[in-house]
Amino acid sequence: MRDVDLAVLPGERVLLTGASGAGKSTLLRALGGLLEPESGDVAGELTVDGDAPDRRRQRVGMVFQDPDSQLVMTRAGDDVAFGLENTGTPPELIWPAVDTALDAVGFTLGRDRATAALSGGQKQRLVLAGALAPRPGLLLLDEPTAQLDPEGTALVRAAVVRAVADRSATLVVVDHDVEAWLPLVDRVVELLPGGGAAEHPAGWRPAPLRLPARHPHPPGEQLLAAVGAGYTHRGSDRPALAPTDVVLRAGRTLAVTGPNGTGKSTLALLLAGLRAPTVGEVVPGAALTAGLRHPDRPPARWRAGELARRIGTVFQQPEHQFLTGRVRDELSLGPLRSGAGAAEAHAAAEELLDRLGLAPLADANPFTLSGGQQRRLSVATALATRPRVLVLDEPTFGQDRETWAELVALLAEQQDDERALCLVTHDAAVVSALADDVLTLGRPVGVG
């Protein structure tokens with residue numbers, strides 16, 4: 001972020017948008033007093049209520065892009081109470097405020113639910129409840145609905161609107177879903193990739209999404225199937241995923257949708273061979289087991305190199321799968337470990353860097369990228385080994401319109417190359433653009 005001039009008045013509601021990597025999350029962290037001067041090169045002046053942001057932290061409620069980084073307690077209710085305790089709320093008022101905040105965001109699992117057992121969307125609701133409970137004067141939200149199902153998204157937006165309805169709190173929200181916030185905010189500020197910011201007038205609308213051309217395929221050979229596969233965490237009395245049947249075929253894309261907490265990410269881990277089901281089985285097709293020393297074994301028992309060549313995976317938290325200190329090395333690692341020569345691995349890395357707009361960041365550390373850039377890098381690493389099956393958890397999270405279109409076009413090409421794709425997503429536009437079949441967990445529906 002550089003050369004940004006911005007004044008926000010008390011009680012205003014501002015939507016902050018801009019290209020992936022333009023500095024939106026950095027600006028929010030700066031407003032919240034969470035950027036240390038020694039962490040980078042600092043220019044200009046930033047104040048909150050006329051003072052340095054780090055002296056106003058107690059007046060700020062913030063929701064980060066990654067909810068895991070914000071959870072501090074092992075039980076849901078304690079996590080919301082933590083902020084109230086730190087702001088000196090009288091003890092007799094804490095638990096009523098906790099319950100009000102949990103109800104406002106639609107968190108119905110109770111105070112005692114273990115935070116480690118929550119889905120990504122449930123964690124997102126919980127950290128928002130924690131930010132709302134102390135009734136902050138400045139509310140900073142970074143992609144607050146990105147991992148939520150449509151019902152949860154509407155509920156959370158309504159909770160935010162109620163929290164700022166009397167104009168006693170100021171709102172700055174970062175979101176790529178601009179249209180949904182336009183009726184709720186006073187103005188839109190766009191951070192520009194080269195620096196600076198532009199303010200958009202009332203009635204402004206972003207350019208429409210560019211959808212790739214569809215090339216429908218007849219179902220190809222079966223590459224992978226889940227047969228009654230389910231999963232229950234050790235010590236839990238309820239399954240994270242109920243027994244589920246899935247078939248992935250060459251040239252086809254399956255979208256897995258449904259409410260938060262129904263096991264979508266767990267299903268992705270089972271299909272990817274990163275976790276073994278506790279009930280049922282995951283069965284690879286003959287085309288996927290060709291060349292294996294033990295073709296009768298399920299993917300969860302394959303060696304790492306065997307798995308990487310056959311099934312590419314994108315986690316819900318992309319930073320969990322980075323292994324090197326440079327973006328370029330991250331993209332070369334998979335092909336090299338899968339037996340490719342250095343020249344071949346380098347060529348594959350350079351092609352993906354160009355396609356996904358990461359070439360200027362080739363020598364950067366993956367952990368310094370923005371959330372949207374990390375997401376594109378994780379997708380690129382999954383594609384680098386050219387596996388026959390791709391299992392991608394929320395692959396379009398944090399993308400602006402241009403990077404979204406390029407990412408979706410690249411995934412559409414994988415269909416044309418006789419691969420099977422499984423996309424876990426709440427992004428209705430991705431379902432419309434890519435899905436041949438839809439599996440909705442939590443309530444049975446027909447295949448589309």
Side-chain angles (χ1 to χ4, degrees), residues 1 4-18 23-35 44-65 70 80 83-84 86-89 93 96-97 100-106 124-125 127-145 153-191 196-206:
M1 179 186 67
V4 173
D5 294 321
L6 176 63
V8 179
L9 298 177
E12 273 198 297
R13 306 165 186 170
V14 177
L15 173 63
L16 194 62
T17 186
K24 302 181 295 297
S25 296
T26 300
L27 178 54
L28 281 200
R29 294 180 70 87
L31 289 169
L34 299 176
L35 281 188
E45 182 184 40
L46 180 67
T47 61
V48 174
D49 278 349
D51 207 343
D54 61 354
R55 296 172 64 88
R56 297 294 187 183
R57 285 177 183 161
Q58 288 215 328
R59 294 211 59 212
V60 177
M62 186 166 182
V63 173
F64 301 145
Q65 208 168 33
Q70 208 162 343
V80 178
L84 293 164
N86 280 335
T87 56
T89 303
L93 300 180
T100 297
L102 290 175
D103 183 63
V105 301
Q124 203 162 24
R125 294 191 199 204
V127 297
L128 179 60
L132 292 176
R135 298 184 61 82
L138 175 60
L139 187 58
L140 305 172
L141 306 179
D142 197 350
E143 301 269 8
T145 63
T153 295
L155 193 62
V156 161
R157 286 202 185 101
V160 171
V161 170
R162 286 196 299 273
V164 299
D166 61 0
R167 300 283 178 171
S168 63
T170 303
L171 171 68
V172 181
V173 56
V174 170
D175 207 315
H176 289 293
D177 187 5
V178 173
E179 290 92 338
W181 286 99
L182 286 177
L184 311 176
V185 298
D186 300 314
R187 57 193 175 112
V188 179
V189 175
E190 180 182 4
L191 294 192
E199 186 163 335
H200 294 292
W204 173 81
R205 291 290 185 275

Are any of the side-chain nitrogens in Asp49 or Arg59 under 4.0 Å away from the carboxylate oxygens of its partner?
-> yes
Taking NZ, NE, NH1 and NH2 as the nitrogens, is one of them in Arg167 or Glu12 under 4.0 Å from a carboxylate oxygen of the other?
-> no
Can you tell me if Lys24 uses its side chain to pair, donor with acceptor, with the backbone of Gly18 under 3.5 Å?
-> yes
Are side-chain heavy atoms of Val14 and Asp186 found at a separation under 4.5 Å?
-> no
Do side-chain atoms of Arg56 reach the backbone of Asp51 as a donor and acceptor pair under 3.5 angstrom?
-> no
Side chain proximity check, Pro53 to Leu31, heavy atoms < 4.5 angstrom = no
Spatial distance of atom CG (Leu27) from atom CE (Met1) [nearest 0.5 Å] | 5.0 Å
For Arg187, does the CZ atom have more than 12 heavy-atom neighbours from other residues, nucleotides or ligands under 6.0 Å away?
-> yes
So does Arg205 pair up with Glu179, basic N to acidic O under 4.0 Å?
-> no
Decide yes or no for Val105 and Leu155: does some side-chain heavy atom of the first lie under 4.5 Å from some side-chain heavy atom of the second?
-> no
Val160 vs Leu141 side-chain heavy atoms within contact, under 4.5 Å = yes
More than 12 heavy atoms from other groups under 6.0 Å of CZ on Arg55 = no
Leu28 vs Met62 side-chain heavy atoms within contact, under 4.5 Å | yes
Do you know the tightest heavy-atom contact between Gly61 and Pro136?
-> N-CB, 3.3 Å
Any donor-acceptor pair under 3.5 Å from Gln58 side chain to Asn86 backbone = yes
Look at the side chain of Asp175 and the backbone N and O of Glu143, then say whether any donor-acceptor pair between them is shorter than 3.5 Å.
-> no
Taking all non-hydrogen atoms of both residues into account, name the closest pair between Ala131 and Pro134 and its distance.
-> O-CD, 3.5 Å
Residues in side-chain hydrogen bond (donor to acceptor under 3.5 Å, both in side chains) with Ser168, at least two apart?
-> Asp166
Closest heavy-atom contact between Ala104 and Ala159?
-> O-CB, 3.2 Å
For Arg157 and Asp177, what are the C-alpha separation, side-chain angles and deciding distance, and is it a side-chain contact (heavy atoms from CB on, under 4.5 Å)?
-> CA-CA 12 Å; Arg157 286 202 185 101; Asp177 187 5; 3.1 Å; yes
Shortest non-hydrogen pair, Ala129 vs Val80, comes out as O-CG1, 3.9 Å
How long is the span from the CG atom in Leu84 to the CZ atom in Arg135, to the nearest 0.5 Å?
-> 11.5 Å
Taking every heavy atom of Ala180 against every heavy atom of Leu184, the minimum-distance pair comes out as O-CD1, 3.9 Å
How about Arg57 and Leu34: do any of their side-chain heavy atoms sit closer than 4.5 Å?
-> yes
Does Trp204 reach the side chain of Val178, with side-chain heavy atoms less than 4.5 Å apart?
-> yes
Residues Trp181, Val173; criterion side-chain contact (heavy atoms from CB on, under 4.5 Å); working and verdict = CA-CA 9 Å; Trp181 286 99; Val173 56; 3.9 Å; yes
Output yes when a side-chain donor or acceptor of Thr145 lies under 3.5 Å from a complementary backbone atom of Thr153, and no otherwise.
-> no
Option passing side chain to side chain contact (heavy atoms under 4.5 Å, CB included) with Thr170 (candidates Val48, Leu9, Leu139, Val8) = Val8
Does any non-hydrogen side-chain atom of Val63 lie less than 4.5 Å from one of Asp142?
-> no
Gap between atom CD of Gln70 and atom CD of Gln124 - 0.5 Å precision | 10.0 Å
Hey, does the side chain of Arg13 reach the backbone of Leu171 with a donor-acceptor pair shorter than 3.5 angstrom?
-> no
